[in-house]
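Just so you know, these numbers come straight off a predicted model, no measurement behind them.
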Amino acid sequence: EEKERKKSVKQEEQATDAKSVQLEEEQRKKYEQEERLRAEHEEDQVRLEAEQEVWKAMDRGEREREGGEGEEKRAKQEEQAKDEQSVQLEEEQRKKDEEEERLRRKKQAEDEVDQARLEAAKKAAEEYELRDHEQKKAMEKRRKEEEKKRQREERDRKKRAKQEEQAKDEQSVQLEEEQRKKDEEENSLRRKKQAEGDEDQARLEGALGEDEDEALQRAISASLSPTQADPFETECQKVALQSFFDEKARKAMEEKRKEEEKETQREEKERKTCAKQEEQAKDEKSAQLEEQRKKDKEEERLRRKKQAEDEVDQARLEAAKKAAEEYELRDHEQPERKEEEKERQREEKERKKRVKQEEQATDAKSVQLEEEQLKKDEEEKRLRRKKQAEDEEDQARLEAVVPSAPKPFKDTEYKKHYRTEALPSKFRVYTVVRNFLVVFYTVFEGKSVEEANELADDFTDKLANAEVEGLQNLDQSAKDGLLKKPGFVLARCWSAIGKHEVCHREFCGLLNQGIRSDDENVIKEAVKLAATMNSFCVLERNPGAKEPPWPKEDKAENGQYAWQLWRGGLLPDDKLAWYQEHRDKDYRVNMFLPTSTSKTVAEDFMRAQKNAKCVLYHFYLDPDLRCLHVNCLESVKSVQTEQEFLFPP
């Protein structure tokens, strides 16, 4: 649209300049004509003065010669001469007036034409501004809708996060409840065990409360027989029993200390749990208070709003009553107001009648528009069916151009022009592309030279526009290549996805068909494009180029296999025989060969060929030698999804 606007502005400027030149030329002619008329008038005046002088001289000579005779005759002749002179002057003046009137009318008509053109230009400018404003409004509306959608998604995300947080809180509460029950059970067991330990301790203390010697003696007496009254053994037993009781007491004290530590930890845990619950209760209470405050604030706002509306309604009611009272008073004081009211009511009825008639006319127009829309839909269906039939024809023609039994490379027209040099500048690219398209349309589509030139201009403009679309998605090296290297420009044209409206095919398909046809006229232009493309595809002809992104490893998510390329396409039965005959033989492909590192992409291309026999080609690359006659086009594509590796013919 910007390009069309600049083009229209440039055309208007050219038209204005041409109009200015035309007006200056007309003004000059008009000035020359006026000068010519003025000169003729001056010549006529000089001639008339000379004739008058001649007449005067003749009169003087006659008077001198005749000596005063024939005075009446001379007077009559003089009067006739004056009459003839006046008639001649009147005729000249009339012609001059007619010429001036004609020039005035001509100038008036030109002024009217200029005014009409100026108004048309203003109207066109206003329409353009209105269309631009509407486009801006549509863009702003779309932006607002996207912003609303983003806000709605953000609210949904926050809501989900809040729900997840609530679920986590509920889960944590449930876990705390389970932990509390578990702690209570452990406490009950610990208290029970502690009670048993206390009983043992009490018994032990009761035993230790007696006289130790007596207790030991009693224990020894109880444990030893009468024959075992050796004092040394008795002392040893006393020491052993004392050690036993001391160890038991120490263990009891240690268990008691551990129980106290556990009790302390449990109390600390319960204290923290209580503090957390109190904090949660406090937060819930704060949230409830905040919610209540918001609710009160909203109620107060609604109350004030309702109060303001009531006040406005009251004021309107009072104003209506006052107006009614004034109207009644005025009607009482001035009876003629009733007639005016009747007239107003009659006009209102007529207005309603006109509105009804306009609505009926609008309904009739709507019915007419619906009928036109129905006819338009039928026409679109017919055009769609026609386009479908054309697509089927194009599909059949596409199947017909699948390579079959090509000639040896040495016998082809392509070989004759093989040494054609690449284009030196990117500014020559679109000129050669246009020349190729003109020859293509005349040879393969049967178009006339005028039609071929028009179609070629249209498709070349589309390719040029496609070159600048999506440049922000490219890296800096690709942008520099597009600015300097013609090979990059042609590679971007190759990857353009726009189809021509007549052939319904992309530029890459047209170029490959031209090379496969080996037509002498087409090949002359196609070889120039191929040589220029090779400066991108053949790495050794592209100094400083980065190494292509070779498929060095398997990637199951996009169907990539290490050092393997794929291609999916057509292969009708009548073309299959050639490949079967040349099994295990080397051959040179007579076209640019596009492949992909993704088997999935190749299978998608293969499935896109409906109602046709398809084939999946499988290429293997040497991991060490690799290949110099190939390059990846992803760096110059706006949408990088295919990982296309392109081999030259």
Side-chain angles (χ1 to χ4, degrees), residues 1-11 131 135 383-384 386-388 390-391 393-395 397-398 401 423 425-474 478-479 481-483 485-515 517 522 525-526 528-530 532-533 536 591-592 594 605 608 633-642 644 646:
E1 290 175 354
E2 183 67 18
K3 188 176 180 181
E4 291 177 356
R5 187 183 67 77
K6 289 182 179 179
K7 187 176 180 181
S8 62
V9 169
K10 188 175 181 181
Q11 290 177 352
R131 187 167 64 250
Q135 290 177 354
L383 292 174
R384 191 160 53 249
K386 183 178 178 182
K387 185 177 182 300
Q388 185 177 0
E390 291 176 352
D391 292 340
E393 292 178 359
D394 294 336
Q395 183 68 22
R397 188 165 61 250
L398 180 63
V401 298
L423 299 177
S425 170
K426 62 168 288 185
F427 302 105
R428 287 286 316 282
V429 170
Y430 289 110
T431 303
V432 179
V433 168
R434 181 189 176 280
N435 296 339
F436 166 75
L437 291 174
V438 170
V439 179
F440 183 91
Y441 293 138
T442 54
V443 174
F444 296 108
E445 299 296 332
K447 302 294 183 181
S448 63
V449 177
E450 292 79 7
E451 292 176 337
N453 278 282
E454 184 177 354
L455 293 173
D457 290 338
D458 181 53
F459 200 22
T460 305
D461 291 340
K462 287 184 178 180
L463 293 175
N465 293 333
E467 179 192 350
V468 299
E469 291 178 356
L471 287 178
Q472 66 276 8
N473 299 330
L474 304 181
K479 293 179 181 178
L482 288 173
L483 290 173
K485 300 179 181 180
F488 277 71
V489 177
L490 260 182
R492 192 160 173 80
C493 291
W494 171 275
S495 60
I497 60 175
K499 295 184 179 181
H500 193 269
E501 57 185 6
V502 175
C503 302
H504 306 293
R505 296 172 63 189
E506 299 172 357
F507 174 73
C508 56
L510 302 182
L511 180 58
N512 265 350
Q513 182 180 348
I515 296 175
S517 68
V522 179
E525 302 297 333
K528 298 177 184 178
L529 301 178
T532 307
M533 280 276 286
F536 177 84
M591 64 176 185
F592 280 96
F605 272 93
L633 298 182
E634 295 304 296
S635 61
V636 296
K637 283 188 174 183
S638 299
V639 182
Q640 302 175 356
T641 57
E642 297 177 2
E644 180 178 354
L646 186 64

Rounded distance (nearest 0.5 Å) linking atom CZ of Phe507 with atom CH2 of Trp494:
8.5 Å
Spacing of Arg492 atom CZ and Leu633 atom CG [to the nearest 0.5 Å]:
11.5 Å
Here the pair of heavy atoms bringing Leu437 nearest to Ala456 is CB-CB, 3.8 Å
Minimal heavy-atom distance between Thr442 and Ser448, with the atoms involved, is CG2-O, 4.2 Å
So which atom in Leu511 and which in Phe436 form the shortest heavy-atom distance, rounded to 0.1 Å?
CA-CZ, 3.7 Å
Verify, without hydrogens or angle tests, whether Glu634 (side chain) and Glu644 (backbone) share a donor-acceptor contact under 3.5 angstrom.
yes
Approximate separation, where rounding is to 0.5 Å, of Glu506 CD and Phe459 CZ:
8.0 Å
Closest heavy-atom contact between Phe440 and Gly514?
CE1-N, 4.4 Å
Looking only at heavy atoms, which two atoms of Leu490 and Leu529 are closest? And how far apart?
CD1-O, 3.4 Å
May I ask you to check whether over 12 heavy atoms, not counting those of Arg434, lie within 6.0 Å of atom CZ?
yes
So CE of Met591 and OG of Ser517: to nearest 0.5 Å the spacing works out to 13.0 Å
On a heavy-atom basis, which atom in Phe592 and which in Asn512 lie closest, and how many Å separate them?
N-OD1, 2.9 Å
Test your reading of the model: is there a side-chain donor-acceptor pair from Thr532 to the backbone of Gly487, 3.5 Å cut-off?
no
Is a salt bridge present between Glu4 and Lys7, judged by a nitrogen-to-oxygen distance below 4.0 Å?
no
Side chains of Pro486 and Phe536: closer than 4.5 Å at any heavy-atom pair?
no
For side chain to side chain contact (heavy atoms under 4.5 Å, CB included), just list the numbers for Glu525 and Val438, CA-CA rounded to whole Å, side-chain angles, deciding distance to a tenth of an Å, and then say yes or no.
CA-CA 10 Å; Glu525 302 297 333; Val438 170; over 6 Å; no
Taking C-beta and beyond as the side chain, do Val489 and Lys485 meet within less than 4.5 Å on heavy atoms?
no
When rounded to the nearest 0.5 angstrom, what is the spacing between CD in Gln513 and CZ in Phe444?
5.0 Å
Would a distance-only check, ignoring hydrogens and angles, find a side-chain to backbone donor-acceptor pair under 3.5 Å from Asn435 to Thr431?
yes
